[in-house]
Asks: 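Shown below is the structure under consideration.
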Amino acid sequence: MKAVIKSLIDKAVEEILKEGGFEAELPEYTVEVPNNKDHGDFAANTALKLSKAMRKNPFDIASDIAAKMKHPLIEKCEPVRPGFINFSISKTFYTDLLRDCIASDAPFKSEVGGNRKVMVEFVSANPTGPLHIGHGRNAAYGDSLARILKAAGFDVSTEYYVNDAGKQMSNLGKSIYVRYLQVCGRDVEFPEDGYKGGYITDIAKELQKIHGDKLLSMDEAEAQKIAFEYGLEDIRSGIEADLREFRVSFQRWFSEKSLYESGEVEECLAELRSLGHVYDSEGAVWFASTKFGDDKDRVVKRQNGEYTYFASDIAYHRNKYRRGIRTSIDVWGADHHGYVKRLSSAVHSLGVEDFEFNVSLIQMVNLIKDGERASMSTRAGEFITLKWLIDEIGVDAARFFYLMRDFEAQFDFDIDLAKKRTSDNPVYYVQYAHARVYGLYAKAEEQGLKWEKGANLNLLELDEEKEIIRKLYEMKGIVETAAFHHQPHRIIYYLQELASAFHSYYYNNVIINPENPELSGARLSLCAGVAAAVRFGLDLLGVSAPERM
RNA sequence: GCGCUCAUAGCUCAACAGGAUAGAGCAACGGACUUCUAAUCCGUAGGUUGGAGGUUCGAGUCCUCCUGAGCGCGCCA
């Protein structure tokens with residue numbers, strides 16, 4: 001309907017401009033569902049946008065445009081000060097819409113994405129230990145964003161980039177190896193910068209179970225390699241299991257090491273060198289990021305011959321592009337923000353056409369426990385795991401909680417509060433709306449009420465009923481804006497509004513009345529539309545929609 | 001010191017690419033269960049959108065400065 005109105009306006013403006021001999025061009029304007037229902041079903045700000053170029057009073061322009069609006073579904077179209085054009089739409093539009101919502105998810109989805117290939121790369125935590133609640137926010141966000149983008153018509157893929165190369169990783173091998181030595185009874189000191197978590201010792205014990213004392217007699221480097229590979233897979237698969245329980249799965253786990261093995265890192269640097277963006281200095285190899293606005297040039301290959309993480313990251317994004325990805329959305333922790341400039345510089349310096357590099361910096365999750373902030377350091381081995389959180393408050397509540405806040409805002413996760421709140425957590429408010437509809441179905445059946453979805457919708461005459469259908473119409477726009485801004489929390493706020501409208505409607509009106517089966521059928525149909533929207537919205541968040549609570 | 005991100009009700013947060021009267025939840029206060037599930041509903045109160053300028057028909061939203069907070073500034077990831 002928005003599109004219909006827009007095209008009508010476009011045509012009207014074109015005529016007006018031609019008739020009046022104006023040279024002005026039509027600027028961007030919006031057709032939106034107004035907050036205030038006195039402003040009709042739709043409103044356009046076209047005249048306001050146009051007034052400057054036409055050097056004419058916006059209200060007069062609005063009047064001229066309104067006079068040209070003719071469409072069977074438009075019942076009223078009026079200009080209003082300062083220059084909005086408000087539309088009232090025929091009821092047929094609403095009843096048809098409700099019918100469509102019941103029949104399929106189509107009215108909730110959009111095609112703005114135009115099938116563009118988007119990759120959401122998220123979590124990508126170093127596999128040096130289990131995920132903590134900071135990663136949980138990243139996981140909930142990335143997964144939900146991917147679902148939203150899909151609903152908005154993008155061709156979406158998801159990846160977890162596994163840092164299985166580099167210094168932190170050899171540190172992991174060493175840590176496990178030393179614990180192994182200790183398990184075998186050797187008196188060795190644990191390295192200062194090693195990973196101190198108890199899970200390292202657990203891995204060392206398993207290693208001992210499998211290999212016995214065999215590693216003791218081996219060359220240290222070789223033994224560490226075995227320890228590393230075993231530990232890596234053990235931790236990685238543990239992460240995968242936690243994420244699966246959290247309803248997060250990836251299309252691919254992309255290995256950093258594979259970029260070295262395939263020679264892509266070197267290839268990539270050679271390419272940048274030939275473009276003149278990479279040079280040698282002080283025995284190291286540098287990327288000239290200052291050319292792209294960075295503070296200083298960055299090392300891609302150290303004096304000791306090792307590549308930096310930066311080098312493989314450039315190669316990874318080059319690899320994404322070569323696989324046809326045209327938008328890469330990287331979900332990082334906010335503490336990496338100093339890294340954004342340099343990587344975006346590097347990606348753009350490759351001269352890739354039509355490649356959008358995007359980073360969502362997820363702000364920190366501060367854990368509040370007993371009124372105090374808890375440390376989230378992986379190295380120190382002190383952190384609350386995601387697994388623990390899931391066991392404590394459940395997947396639905398955890399995901400909903402994480403997604404409630406804009407990713408750019410810091411978030412204090414008060415564990416005590418989250419636990420206490422399980423019964424009046426807003427997630428239940430929304431879920432209950434869905435369950436309530438199923439309760440009504442059961443009741444209708446119990447009362448022997450025969451009804452058919454979508455029949456006699458003309459009987460829906462209350463303002464509240466129209467409001468609810470209007471809300472259903474809004475879903476699609478919400479999905480579009482959530483996709484555009486990469487902000488899943490918009491879905492939550494929408495769902496709360498929808499649930500609120502429904503709960504209120506339910507409470508103040510009798511839905512099922514066996515003496516009036518026609519009206520009951522119409523109202524149950526409206527409920528079915530609400531249930532469909534709630535289910536669809538919750539699914540975008542990865543939250544379940546129970547039929548009974 | 002430089003850079004990034006923020007600052008909205010007592011608290012936690014919304015506000016669609018600048019739109020019409022800045023909204024929810026929690027907490028507070030007052031009401032509603034003989035009812036289709038009260039995990040709910042109805043109502044009251046709560047604001048100089050950190051401060052000062054600017055841009056324009058219109059600013060919580062954009063620009064400049066100030067104040068305050070978090071984070072980053074390594075040949076770590």
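Order of the sequence lines fixes the chain letters, A, B, ..., with proteins taken first and strands second; residue numbering starts at 1 for each chain.
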Asks: At a cut-off of 3.5 Å, list every protein nitrogen or oxygen paired with a nitrogen or oxygen from nucleotides 21-23 of chain B, distance to 0.1 Å.
Replies:
residue : atom : partner : partner atom : Å
rU21(B) : O4   : N36(A)  : ND2          : 3.1

Asks: Nearest to the R548(A) side chain among rC41(B), rU37(B), rG19(B), which nucleotide is it?
Replies: rU37(B)
Asks: Test salt bridge (Lys or Arg N to Asp or Glu O under 4.0 Å) on K56(A) and D64(A); report intermediate values, then the result.
Replies: CA-CA 11 Å; K56(A) 201 173 163 186; D64(A) 292 345; 3.1 Å; yes
Asks: So what does E474(A) touch, heavy atoms closer than 4.0 Å: a base, only the sugar-phosphate, or nothing?
Replies: nothing
Asks: Using heavy-atom distances to pick each residue's nearest nucleotide on RNA chain B, tell me which of T30(A) and A334(A) is more 5'.
Replies: T30(A)
Asks: Answer yes or no: does a side-chain N or O of R523(A) lie under 4.0 Å from OP1 or OP2 of rC36(B)?
Replies: no
Asks: Using centres under 5.5 Å plus planes under 30 degrees as the test, is H337(A) stacked with rG72(B)?
Replies: no
Asks: Check whether any side-chain N or O of T308(A) sits under 4.0 Å from OP1 or OP2 of rA77(B), and answer yes or no.
Replies: no
Asks: RNA chain B: stems of at least 3 consecutive Watson-Crick or G-U pairs, cut-off 3.5 Å?
Replies: B:1-7 with B:67-73, B:10-13 with B:23-26, B:28-32 with B:40-44, B:50-54 with B:62-66
Asks: Among residues 57-65 of chain A, which contact RNA chain B at a heavy-atom distance under 4.0 Å?
Replies: none
Asks: Mark this stacking check for Y429(A) against rA39(B) as yes or no, applying ring centres under 5.5 Å and ring planes under 30°.
Replies: no
Asks: Considering only atom C1', compute the distance from rA59(B) to rU48(B) and round it to an integer number of Å.
Replies: 15 Å
